A.B. asks: 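Next up is a structure, given as structure tokens.
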Amino acid sequence: MIEQALLKVEDLAVHYGDYVACEQINFELFPGEVLGVVGESGSGKTSLLKALSTQLTPDAGRVEYFSDIKGLLDLYELPESQRRQLTRSEWGVVHQSPRDGLRLNVSAGANIGERLMENGERNYGSIRQQAETWLENVEIDIDRIDDMPTTFSGGMQQRLQIARNLVTHPKLIFMDEPTGGLDVSVQARLLDLLKKLVSQYNLSVIIVTHDLAVARLLAHRLMVMQRGRVVETGLTDQVLDDPQHPYTQLLVSSVLQP
Amino acid sequence: MYVAVKGGEKAIDEAHALLAERRRGEQSLAELTVEQIEQQLSLSVSRVMTEGSCYDPSLAALAIKQAQGDLVEAIFLLRAYRTTLPRLATTEPIDTANMHIKRRISATFKDLPGGQILGPTYDYTHRLLDFKLMVAEQDTSDKGLSAELEILNEQMDSETSEAVIPRVMDLLNQEGLIEKEQPIDDIPVDDITREAIKLPADRDVRLQNLARGDEGFLLALGYATQRGYGHTHPFAGEIRLGDVEVEITPPELGFSICIGEIEVTECEMVNQFKGSKDKPPQFTRGYGLTFGYSERKAMAMALVDRALRAEELGEPVKSAAQDPEFVLMHSDNVEASGFVQHLKLPHYVDFQSELELIRKLRANDSADNKETTE
Amino acid sequence: MSDPDYNFAYLDEQTKRMIRRSLLKAVAIPGYQVPFGSREMPMPYGWGTGGIQLTASLIGLDDTLKVIDQGSDDTTNAVSIRKFFRRTTGVATTEKTTEATLIQTRHRIPETPLQKGQILIYQVPIPDPLSFLEPRETEARKMHALSEYGIMHTKLYEDIAHYGAILHTYDYPVMVNDRYVMRPSPIPKFDNPKMDNMHALQVFGAGREKRIYAVPPYTKVKSLDFEDHPFEVQRWENSCALCGADNTFLDEIVVDDHGERLFACADSDYCQTRQAEQGGQR
């Protein structure tokens, strides 16, 4: 049996005027797979992530998504209403800065409950109960449920952002440098948690990072980007331990050198 | 026994009578005439015409008299009158290059063709109260103008009315260093007095809104840009005051005819611009235009106009003056004054609802406290 | 006789037609906010210019107009607006809810149920229910277009989480015809149930914000809530001290220097009618 790809990307390109952010991007993502996109800043990886997660309309190419409920969907042929519906039910986006991904003026509970309410949940008790479950899942004390996210530490805010996304049991998560700006020990704890959640909920993830250690820990497969193009792809260990492309070699050696 | 607040109609009539009495002031003093206001408070008249969107000095003066000198109230009166006027024609764009100049200065060149013409300005007055003005001059009719002023006026007339004084912008443009003016031809211009503003708004809508906008609000915003809240690196390229012809093109004629002259103040700011992805380094423009003589307003308007172009020019939008929705939705003093002052209207039904809520919440609180202490 | 210096009902006929066109659109899409070219009126913005423009474009010679503010015909602004229309149209005015064909209101729906053929005209200060939750108008428009209203319930959730109850007491948001979330204008939530399936046409005018919206007769209007925290209206322990009604919205009136209070119907016509009936029976 050939497994149905969850996401299929063909010849995707993003331009800013004459400047090419990324182009000729082709890949498939399968259920339960974690794909890491690595490269230096300016390599086009964030633009690619935005174009995949409908935060930015690409200038060329196709993105197909296979929905359990709705079947195969061509993202940019879909009406905007359905695209937005998709992003708040079957997808999740974890931003680098929790400030972009959280509502800072409502409580932690409301942050988790918002997606449920957007999707039609109208029972307060049930929303509350699911919010508590998800606070537990991301290792935040349930007593903090009515506190504002602004009173949380950076690591807690990031975990809250993850809970807010996962509460509707999405299948596909986009992450942009989720550990950026966190202390090393806090990073480690967050990565452990992510790894646990990914396997527990069989999540498919596309994670953008410049940190090869993060990529090694989370990603099954890697895509290396340089100047808007993919220069190398492969299994994570293979790419990191035996890089073929000179740019990847440089990237790897620059990290490994003490 | 409580009686509902009755007799509202009578109270309103009495209030209006008191208002009329207060407006008239001390009866033994001569009543102000509309002509006096038009002639002697002409800067007030300019502001009321500009923000009232109606060029009519005598009606503006009447509004100022009726409003006891409250200019925002006068602007409101003129606007409400304007609503009832039929729209007979739309004028051609005025050509300020062909202005009959009364004042013209540029801060960007020491000297320039046409020269710097100070005209009637407060700029270099020493702000010392002039106690001579405490006493009205008894007889001015036969004194006339001083001989020097006569000569000056004649000179101005002969020098400026005939010669066309080129705009500074056009001089800079010969080198191609400043962005081109948008051609006026084919773009239909919206009318914010007929259609609700839709966001995002183009520059035609933004400029109309700013022209009608409150001088104080624009002054504060423009000032804020200078202090770093949306800095635009401005230079006063040119400020000119004078009369321009107003033309219309009746469809049955097919050519334009002059229907009169109006006095306007125009300000063109030149703003340094380092360039963006799509645009080379160059000078950009901010534009201000008012009826009559309203230099402060025209300059503030030009600053805010340029600040509002931040998004178009690829600059980060971080400050209030760069945010079109913030500026356009809060610049109008007739709207703002009405809504702020509507808090005077009775709100007792809503207040009653809130009373009930606060009582309920407090009752819950004290019940909770009881539980915990027990 | 109407004032000969101004057109009938002040506005020129072109403007009235423009407003009626916007109104037709509003009626066709219940709860949707239609932008319109709001005019400068001779009353200040925030004092009912939206309602006044709607009344001006709806009123005809054979209409009977009632104007209320806080439920009463005799509050100063209601008096002023009624006087304006008497002066500019010469049409009959009334304080009787049952006799009016047009009722312009601020902050209340009359207690007497409205009938088919009547039009209730609301004055609206802030039309968009998303205003304070999503300050960007462009984004708010998109949320309405796509029916993305999760954020409305997020606000209600917060109230319950922090205070144990929904704190909206007036201008309580409603869902119209299962499609658009709408602000009912600052009427007390006590009046919300009256909007549901009303026999009369309800139209809403926001002059300063330049929006018109409407609820056609017999349209579903549901106040937002949770299954386990259902919408509730205010209740009083007292009855009206003047007419004895125990099912109306009551004003609380301080009657002496010792803070002694008295409760009486906010709807002055309803209260007086009941008092007259009781007097007749005696």
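Owing to the predicted nature of the structure, the values given are computational and were not obtained by experimental measurement.
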A.B. asks: Checking an interface table here. Which of residues 46-81 of chain B come within a heavy-atom distance under 4.5 Å of chain C?
C.D. replies: B/Phe76, B/Arg79, B/Ala80
A.B. asks: Using 30° and 60° as the class boundaries, would you call the ring planes of C/Trp236 and C/Phe249 parallel, tilted or perpendicular?
C.D. replies: perpendicular
A.B. asks: What I'd like to find out is whether the side chain of C/Ile52 reaches to under 4.5 Å of the side chain of C/Tyr10, using heavy atoms alone.
C.D. replies: no
A.B. asks: Any donor-acceptor pair under 3.5 Å linking the side-chain atoms of C/Asn77 with those of B/His342?
C.D. replies: no
A.B. asks: Checking C/Leu250 against chain B: side chain, backbone, both or neither under 4.5 Å from a heavy atom?
C.D. replies: backbone
A.B. asks: Which members of residues 317-325 of chain B, sorted by number, sit under 4.5 angstrom from chain C on a heavy-atom basis?
C.D. replies: B/Asp323, B/Glu325
A.B. asks: Identify which part of B/Glu195 has an atom lying under 4.5 Å from any heavy atom of chain C, answering side chain, backbone, both or neither.
C.D. replies: backbone
A.B. asks: Does anything in residues 83-90 of chain B get under 4.5 Å of chain C by heavy atoms, and if so which residues?
C.D. replies: B/Thr83, B/Thr84
A.B. asks: Who among B/Asp350, B/Leu199, B/Asn364 has the most heavy-atom pairs with chain C under 4.5 Å?
C.D. replies: B/Asp350
A.B. asks: Answer yes or no: is there an ion pair linking C/Glu40 with B/Arg212, defined by an N-O contact shorter than 4.0 Å?
C.D. replies: yes
A.B. asks: Thinking salt bridges, do C/Arg211 and C/Glu137 make one under a 4.0 Å N-O criterion?
C.D. replies: yes
A.B. asks: So for B/Leu355, is it side chain, backbone, both, or neither that comes closer than 4.5 Å to the heavy atoms of chain C?
C.D. replies: side chain
A.B. asks: With a cut-off of 6.0 Å (strictly less than), are more than 12 heavy atoms of other residues, nucleotides or ligands near CZ of B/Phe351?
C.D. replies: no
A.B. asks: Go through the atoms of C/Tyr6 and report whether side chain, backbone, both or neither lie under 4.5 Å from a heavy atom of chain B.
C.D. replies: side chain
A.B. asks: Residues in ring-ring contact (aromatic ring centres under 6.0 Å, His included) with C/Tyr32, at least two apart?
C.D. replies: C/Tyr180
A.B. asks: Does any backbone or side-chain atom of C/Arg235 lie under 4.5 Å from a heavy atom of chain B? Answer side chain, backbone, both or neither.
C.D. replies: backbone
A.B. asks: For B/Glu335 and C/Lys210: C-alpha separation, side-chain torsions, deciding distance, then whether salt bridge (Lys or Arg N to Asp or Glu O under 4.0 Å) applies.
C.D. replies: CA-CA 11 Å; B/Glu335 290 174 9; C/Lys210 303 171 181 59; 2.6 Å; yes
A.B. asks: Which residue, C/Thr93, C/Thr94, C/Asp73, forms the side chain to side chain donor-acceptor pair (under 3.5 Å) with C/Lys66?
C.D. replies: C/Asp73
A.B. asks: Under 3.5 Å, is there a donor on one side chain and an acceptor on the other for C/Thr169 and C/Gln234?
C.D. replies: no
A.B. asks: Under 4.5 Å heavy-atom distance to chain B, tell me which part of C/Phe36 shows up: side chain, backbone, both or neither.
C.D. replies: backbone
A.B. asks: List the steps and the verdict of ring-ring contact (aromatic ring centres under 6.0 Å, His included) for C/Tyr45 and B/Phe339.
C.D. replies: CA-CA 6 Å; C/Tyr45 284 117; B/Phe339 200 52; 9.8 Å; no
A.B. asks: Among C/Arg106, C/Arg141, C/Glu209, which has the most heavy-atom pairs under 4.5 Å with chain B?
C.D. replies: C/Arg106
A.B. asks: Name the option with the most non-hydrogen atom pairs under 4.5 Å to chain B; the candidates are C/Asp12, C/Thr76, C/Ile187, C/Leu167.
C.D. replies: C/Leu167
A.B. asks: Check this for me, if you would: do C/Lys189 and B/Glu356 make a salt bridge, where the nitrogen-to-carboxylate-oxygen distance has to be below 4.0 angstrom?
C.D. replies: no
A.B. asks: Before accepting this row, confirm whether a basic side-chain N of the pair C/Lys155/C/Asp159 lies closer than 4.0 Å to the acidic partner's carboxylate O.
C.D. replies: yes
A.B. asks: State whether C/Glu13 and C/Lys16 are salt-bridged, where the test is any N-O pair (Lys NZ or Arg NE/NH1/NH2 against Asp/Glu carboxylate O) under 4.0 Å.
C.D. replies: yes
A.B. asks: Looking at every heavy atom in both C/Ser22 and C/Pro35, which two are closest together, and how far apart are they?
C.D. replies: OG-O, 4.2 Å
A.B. asks: Is there a donor-acceptor contact under 3.5 Å linking the side chains of C/Gln70 and C/Thr75?
C.D. replies: no
A.B. asks: Are any of the side-chain heavy atoms of C/Pro125 and C/Pro186 separated by less than 4.5 Å?
C.D. replies: yes
A.B. asks: Can you tell me which portion of C/Thr49 sits under 4.5 Å from chain B's heavy atoms? Options are side chain, backbone, both or neither.
C.D. replies: neither
A.B. asks: Between B/Leu361 and chain C, with a heavy-atom cut-off of 4.5 Å, which part of the residue counts as in contact: side chain, backbone, both or neither?
C.D. replies: side chain
A.B. asks: Using a 4.5 Å cut-off on heavy atoms from C-beta on, say whether the side chain of C/Thr15 contacts that of C/Ile19.
C.D. replies: yes
